[in-house]
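If you read the sequence from its start, that first residue is 1, and numbering goes on from there.
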Amino acid sequence: MKSRRLAEMENYILSHGSATMEELRDTFGISMNTVRRDIAELTKPGHIQKVYGGVKITDKKSPLIPYAVRSSSPSTAKQAIGLKAAQLVKDRDIIFIDSGTTTMHMMDALKDKHITIITNNIEVMVRALDYDNIRLIVLPGEIHRKTHSITGEESASYLNHMNTNIAFMAATGASRTGVTNSSPFEYSIKKTAVAHTEKAVLLLTGDKFGVTSLYSYANLNQFQTVITDSTVPDAYRNELAEMGIDLQIADQE
């Protein structure tokens, strides 16, 4: 399906920073003519540009990639990060679980906990339904299909009246600019979740460090813990340590 291939190709280019025409042809099993047509579509928004022999991203600002693409390929890194995050949760905790394809993996290790989960993450809701020991509070609002989440100002307003022990947050990127996301529909929810928790925990893969998106919903120093994988750049390891943030590396074995 063309739309799915275009989304996957965009994700590939954004993840790698650049790609040759031959690389795209071989990776997606298509003809060179199809590659050229696809590239003509992908360069229209402006965040990907043509260069000699291929394409590259114009900067490190990342657009919103559809949930179906982000979750289509199982990521052992995301699973490991989610499982490590779940180890921070104790019985009777009240936690917020953000939308995203990393945070949803927490549920595999939370099913035996007696906890309260507040969330707008539809995948978390579905996975929590079978467990009577988990009290599930769902934010009101409108379903946003690209992120598989419930969004809207009413979601943030509802969350504004609640406090949590831990907020487990996702992001499109984290840099000196801040912790960012691409969806304006989720911005207020994320900002409110961080403001109303005793402990904010950021979950993201190492390739998202140094990446910025349109909306900064928090600063790095608002997080007490960052959980990532071994690909986190050394510069950010050092910076997080200087800020007194607990950096935890998830084991993928």
Side-chain angles (χ1 to χ4, degrees), residues 1-82 98-105 121-123 126 142-151 170-175 177 179-187 203-215 228-233 252:
M1 188 175 180
K2 181 181 177 182
S3 60
R4 176 62 174 262
R5 186 182 69 248
L6 284 170
E8 291 179 345
M9 187 179 292
E10 180 181 43
N11 189 21
Y12 183 90
I13 297 167
L14 291 172
S15 299
H16 290 76
S18 64
T20 66
M21 302 294 277
E22 290 78 8
E23 181 182 353
L24 295 174
R25 177 196 63 195
D26 296 342
T27 299
F28 294 95
I30 54 179
S31 69
M32 190 60 76
N33 283 336
T34 301
V35 172
R36 294 190 183 97
R37 287 194 294 269
D38 286 354
I39 290 303
E41 291 291 324
L42 293 177
T43 53
K44 286 179 181 178
H47 55 272
I48 295 173
Q49 66 180 22
K50 292 181 182 178
V51 294
Y52 182 77
V55 290
K56 71 172 186 177
I57 58 175
T58 54
D59 54 31
K60 297 204 78 177
K61 290 185 179 178
S62 177
L64 177 63
I65 299 168
Y67 182 96
V69 175
R70 291 183 284 135
S71 61
S72 60
S73 300
S75 167
T76 55
K78 291 182 178 182
Q79 291 168 356
I81 291 168
D98 195 9
S99 63
T101 56
T102 301
T103 51
M104 71 178 188
H105 291 296
N121 188 322
I122 293 174
E123 187 66 30
V126 172
E142 182 177 351
I143 290 177
H144 190 228
R145 289 177 174 82
K146 274 193 174 182
T147 57
H148 277 217
S149 63
I150 295 176
T151 62
T172 305
S175 68
T177 304
V179 179
T180 61
N181 77 298
S182 301
S183 171
F185 305 101
E186 295 186 325
Y187 168 78
L203 281 60
L204 75 173
T205 50
D207 60 340
K208 291 185 177 180
F209 284 93
V211 175
T212 59
S213 293
L214 192 57
Y215 302 95
T228 186
D229 59 58
S230 59
T231 65
V232 56
Q252 298 181 43

Which atoms form the tightest heavy-atom contact between N121 and S99, and what is the distance? ND2-CA, 3.4 Å
Can you name the residues that form a side-chain contact (heavy atoms from CB on, under 4.5 Å) with T102, not counting sequence neighbours? K78, I81, L203
CD1 (I57) and CD1 (I48) are apart, to the nearest 0.5 Å, by 8.0 Å
What closest approach, in Å, do D229 and G206 show between heavy atoms, and which atom pair accounts for it? OD2-N, 3.1 Å
Distance (rounded to the nearest 0.5 Å) between Q79 CD and M104 CE: 8.0 Å
Are I13 and L42 close enough that some pair of their side-chain heavy atoms sits under 4.5 Å apart? yes
Rounding to 0.5 Å, atoms CZ (R37) and CD1 (I39) come to a distance of 12.5 Å
Search all heavy atoms of A170 against all heavy atoms of D98 and return the closest pair with its distance. N-OD2, 3.0 Å
Go through the structure and list residues passing side-chain contact (heavy atoms from CB on, under 4.5 Å) with E142, not counting sequence neighbours. none
Shortest non-hydrogen separation from D207 to T231 and the atoms involved: N-OG1, 3.8 Å
Roughly how far, to the nearest 0.5 Å, is the CG atom of D26 from the CE atom of M32? 7.5 Å
Can you name the closest pair of heavy atoms from A171 and K208 and give their distance? O-NZ, 3.1 Å
Once side-chain contact (heavy atoms from CB on, under 4.5 Å) is applied, do any residues pair with Y187, and if so which ones, sequence neighbours excluded? N181, K191, Y215, Y217
Got a sec, which residues hit side-chain hydrogen bond (donor to acceptor under 3.5 Å, both in side chains) with T228, two or more places apart in sequence or on another chain? none
Dump the intermediate steps for side chain to side chain contact (heavy atoms under 4.5 Å, CB included) on R25 and M21, then the final yes or no. CA-CA 6 Å; R25 177 196 63 195; M21 302 294 277; over 6 Å; no
Is it the case that N33 and S31 place a side-chain donor and acceptor less than 3.5 Å from each other? no
So, taking the atom named CZ in R36 and the one named CG in L24, what distance separates them when rounded to the nearest 0.5 Å? 12.0 Å
Contacts of type side-chain contact (heavy atoms from CB on, under 4.5 Å), residue I30, not counting sequence neighbours: R5, M9, F28, T34, V35, D38
Indicate yes or no for a side-chain donor-acceptor contact from S175 to the backbone of T177 under 3.5 Å, with no hydrogens or angles considered. yes
Between S149 and E186 the two heavy atoms that sit nearest each other are OG-OE2, 2.8 Å
